[in-house]
Protein chains: 2
Amino acid sequence: MSKNLVGNHIRKLRFNHDEMTQQQLADKVGVTRQTIVALEKGNYSPSLELAFRIAHTFNLPLEEIFYYGENTKQ
Amino acid sequence: MSKNLVGNHIRKLRFNHDEMTQQQLADKVGVTRQTIVALEKGNYSPSLELAFRIAHTFNLPLEEIFYYGENTKQ
DNA sequence: ACATAATGTAAATCAAACTATACATTAAGT
DNA sequence: ACTTAATGTATAGTTTGATTTACATTATGT
């Protein structure tokens, strides 16, 4: 329950960037693959710190990856 | 330990916005005053969800309030 | 001098992010 | 047919964000 209000485009971005795998992204940002899986599934929203690291990895502003709103899908 | 790598301008912004008190900001974003205190002190970085709510309250993009880097102060 | 509002600090507890491990499924290569 | 890489799913456990409560300090107003 307690639905997550933060969505993201991580999955899409992985494929736009070199077909990066979940494991590769996990390694780059310093978390486990399970964390990436959970984020892509939308199970929970990341810490701000992790969000910054992911944004940095994709060379994008944080708000182009993560979005906040009632509508889960943007 | 485990120093926090995310800083913010919350305190500055409170005074730029109507001299908003910690309690008022806490109420607006739906947390307790202690959470605001801890954030201003830099004790930890907020959840991404809370970061979005704070940014929304100040009508600013998230990255103008929160920043990531070795240098704690921006 | 007294009251009140805003802030600082601290510690116990709760809730959510994140880890670790494990196993199943699908697709691609040899 | 077999192996390997990538992904899906699940669950118990650890870490850390956030709450709650409580009390101290400083400034302002009366």
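These values consider heavy atoms only, across backbone and side chains, with no hydrogens, waters or symmetry-generated copies. So you know, we letter chains A, B, ... as the sequences are listed, proteins then strands, and number each from 1.
Checking the phosphate oxygens (OP1, OP2) of D:dA18, no side-chain nitrogen or oxygen of B:R53 falls inside 4.0 Å. One finds a side-chain N or O of A:Q22 lying less than 4.0 angstrom from the OP1 or OP2 phosphate oxygen of D:dG8. Using a 4.0 Å cut-off, no side-chain N or O of A:T35 falls inside it from OP1 or OP2 of C:dA17. The phosphate of C:dA17 (OP1 or OP2) has a side-chain N or O of A:S45 nearer than 4.0 angstrom.
One axis for each end of the helix from C:dA1-D:dT30 to C:dT30-D:dA1, each built from five base pairs, and the angle between them comes to 30° at 10° resolution.
Atom C1' of nucleotide C:dT7 and atom CG of B:L25 are separated by 14 Å, given to the nearest angstrom. Here the C1' atom of nucleotide D:dT9 and the OH atom of A:Y44 are 14 Å apart, to the nearest Å. Distance, A:L48 CG to D:dA18 P: 10 Å, rounded to whole Å. Rounded to an integer number of Å, the gap from CZ of A:R11 to P of D:dA6 is 13 Å. Atom-to-atom, CG of A:D27 to P of C:dT19 comes out at 11 Å; the value is rounded to the nearest Å. To the nearest angstrom, P of D:dG17 lies 15 Å from CD of B:E49. As rounded to whole Å, 12 Å separates atom P of D:dT21 from atom CD of B:Q34. Put simply, CD on A:E40 is 11 Å from C1' on D:dA6, counting in whole angstrom units.
Here the two rings, on B:H9 and B:Y67, have centers that are under 6.0 Å apart.
Residues forming a ring pair (Phe, Tyr, Trp, His ring centres under 6.0 Å) with A:Y44 (at least two apart in sequence, or on another chain): none.
Positionally, the nearest nucleotide of DNA chain C for B:Q24 lies more toward the 5' end than for the other of B:Q24 and B:V37. Comparing A:R33 and A:N43 by the nucleotide of DNA chain C that holds the closest heavy atom to each, the one mapping nearer the 5' end is A:N43.
A parallel orientation is assigned to the rings of B:Y68 and A:F52, their planes being inclined by less than 30° (bins at 30° and 60°).
A:S47 comes within 4.0 angstrom of the backbone, heavy atoms only, and of no base.
Crowding of B:H56 atom NE2: a count of heavy atoms from other residues, nucleotides or ligands under 6.0 Å not exceeding 12.
No donor-acceptor pair closer than 3.5 Å links the side chain of A:E40 to the backbone N or O of A:V37. A donor-acceptor pair under 3.5 Å is formed between the side chain of B:R53 and the backbone N or O of B:V29.
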Next on the checklist: Between A:I54 and A:L62, is the side chain to side chain contact (heavy atoms under 4.5 Å, CB included) condition met? List the steps.
Outcome noted: CA-CA 8 Å; A:I54 291 172; A:L62 194 150; over 6 Å; no
